[in-house]
There are 2 protein chains.
Amino acid sequence: MKSLTEKQDRVLQFIINFVRDNSVPPTVREIMRGLGFSSPRPVQDHLKILQRKGYLTIKNKVSRGIELSPHLIEIPVLGRVGAGKVIAEQDIEGYIDVGKILTTSKDLFGLRVKGSSMAGAGIHDQDIVVVCRQPFADPGDLVVVVRNGEAFIRWLRKNDNGLYLQANALEGEYPNEELTDDLNMMGKVVFMLRNYSYQLVNPSRIG
Amino acid sequence: MKSLTEKQDRVLQFIINFVRDNSVPPTVREIMRGLGFSSPRPVQDHLKILQRKGYLTIKNKVSRGIELSPHLIEIPVLGRVGAGKVIAEQDIEGYIDVGKILTTSKDLFGLRVKGSSMAGAGIHDQDIVVVCRQPFADPGDLVVVVRNGEAFIRWLRKNDNGLYLQANALEGEYPNEELTDDLNMMGKVVFMLRNYSYQLVNPSRIG
DNA sequence: AATTATACAATACAAATGTATTGTTGTCAA
DNA sequence: TTGACAACAATACATTTGTATTGTATAATT
């Protein structure tokens with residue numbers, strides 16, 4: 001990614017902050033007023049430069065037609081990291097836009113995990129699993145089933161007798177369960193979220 | 001949430017899809033053309049109704065000033081789930097907007113986990129931890145440090161001799177490490193993501 | 001029967017908006 | 001010193017855009 005001058009970076013930061021605060025990109029004149037310009041032209045210049053350098057794209061004749069490049073709204077995923085260097089370009093293995101993944105599919109919902117019946121699979125109390133709502137699943141899937149008004153997360157397994165559910169606790173025995181009629185398949189786990197900043201996981205509990 | 005008529009839902013879905021595809025909300029006339037109206041007025045009517053019913057808000061005199069309500073861009077987090085019912089309103093304990101969390105803080109980056117030195121903390125090979133870049137951390141934090149060009153995830157602990165780093169594997173011994181000068185503190189883990197749909201975690205490996 | 005809500009059309013208008021033209025100033029490398 | 005680039009100002013203009021006014025038709029509700 002080509003480097004920016006101080007002024008160019010100021011314009012880019014304004015756009016990023018504007019999108020964050022208003023959830024829509026700014027117009028040319030909103031940038032103009034926001035940065036104290038007295039004519040639209042300097043903004044046009046800056047936008048063209050920012051586009052040429054790959055930081056955004058301008059949609060022709062579209063109001064608020066500024067689209068920030070993925071780098072700026074996604075988070076980079078690093079494979080290896082060089083010592084000293086903060087983030088080197090060559091270390092980036094790709095980008096994930098978690099927000100997009102979670103919002104483009106309509107039938108997703110979160111489920112806060114209670115208990116430790118899946119601790120062996122790295123899913124702990126208070127974690128949030130993101131579930132894709134579907135009445136079916138494949139063997140090997142991590143599924144959410146409901147029985148007696150309570151939701152469970154289990155591995156869906158298969159043996160000679162057919163499908164069954166398997167818990168995955170660290171200690172204690174959870175018997176395998178058959179797929180009976182009182183079980184309601186809610187969906188399949190597609191994501192797992194754990195937030196360390198809001199609620200610190202007690203390491204002694206899971207250590 | 002109040003229910004929508006068929007036509008109203010059609011307008012709402014158009015807006016949702018438009019935002020997803022164009023990353024900006026549509027104008028009144030874009031909705032008009034998109035749904036085959038021959039005047040802007042019906043769109044205005046629908047927007048006002050959708051606002052009254054709580055599905056969006058209209059910003060006065062702002063182009064593309066349609067802001068979808070959080071329910072539509074966030075995912076609900078359920079506490080308990082009733083049997084049979086798919087998702088009941090009273091079960092929703094809140095909403096998370098993961099995309100917003102990840103994009104509002106600027107100094108976040110993802111790091112794909114290699115190895116199983118933190119499997120005991122539920123962090124496994126190929127998981128992605130989201131790191132807040134900072135040169136400091138508190139005891140109890142899950143931190144990312146770099147040594148010899150390699151990144152490690154460790155608990156930051158404290159005893160009478162001061163701070164030290166602790167691994168958290170399921171099996172095998174990882175000795176505690178001192179905070180030496182060749183260690184580079186990259187930041188603190190604030191989120192953990194595991195994607196079950198793209199890459200299935202082998203349950204036998206972590207079970 | 002009267003009222004209300006839904007749903008759409010035609011037209012109008014001031015303000016906002018992307019874009020273009022022309023020009024000035026300063027910096028820096030060739 | 002010449003040319004390329006960055007950075008900004010003043011002005012202009014055709015469209016776009018949010019919004020308003022007036023009106024028609026249908027269905028549901030009171």
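Chain letters run A, B, ... following the sequence lines, proteins first, then strands; residues in each count from 1.
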Using whole Å, report how far [atom1] of [X] lies from [atom2] of [N].
X: B:Lys7; N: D:dA25; atom1: NZ; atom2: C1'; result: 12 Å
X: A:Glu6; N: D:dC8; atom1: CD; atom2: C1'; result: 16 Å
X: A:Glu30; N: D:dT17; atom1: CD; atom2: P; result: 14 Å
X: B:Asn60; N: D:dT17; atom1: CG; atom2: C1'; result: 14 Å
X: A:Leu4; N: D:dA6; atom1: CG; atom2: P; result: 11 Å
X: A:Arg52; N: D:dA7; atom1: CZ; atom2: P; result: 10 Å
X: A:Arg64; N: D:dT16; atom1: CZ; atom2: C1'; result: 13 Å

Okay, side chain of [X], backbone of [Y]: is any donor-acceptor separation there less than 3.5 Å?
X: B:Lys188; Y: B:Val144; value: no
X: B:Gln51; Y: B:Ile58; value: yes
X: B:Arg64; Y: B:Pro26; value: no
X: B:Asp9; Y: B:Thr5; value: no
X: B:Lys53; Y: B:Leu4; value: no
X: B:Asn159; Y: B:Asn161; value: yes

Return the [atom1] to [atom2] distance between [X] and [Y], rounded to the nearest 0.5 Å.
X: B:Leu56; Y: B:Ile16; atom1: CG; atom2: CD1; answer: 9.0 Å
X: A:Phe37; Y: A:Gln44; atom1: CZ; atom2: CD; answer: 11.5 Å
X: B:Leu156; Y: B:Met185; atom1: CG; atom2: CE; answer: 5.5 Å
X: B:Tyr55; Y: B:Gln8; atom1: OH; atom2: CD; answer: 9.0 Å

Axis bend over the full length of the helix from C:dA1-D:dT30 to C:dC28-D:dG3, computed from five pairs that close each end, to 10 degrees: 30°
Residue whose closest nucleotide on DNA chain C lies nearer the 5' end, B:Arg29 versus B:Thr5: B:Thr5
5'-most to 3'-most nt of DNA chain C touching chain B (<4.0 Å, heavy-atom partner on protein side) reads C:dT6 to C:dT17
Do other residues, nucleotides or ligands put more than 12 heavy atoms under 6.0 Å from the NZ atom of A:Lys59? yes
Any residue of residues 34-49 of chain A with a heavy atom less than 4.0 Å from an atom of DNA chain C: A:Pro40, A:Arg41, A:Gln44
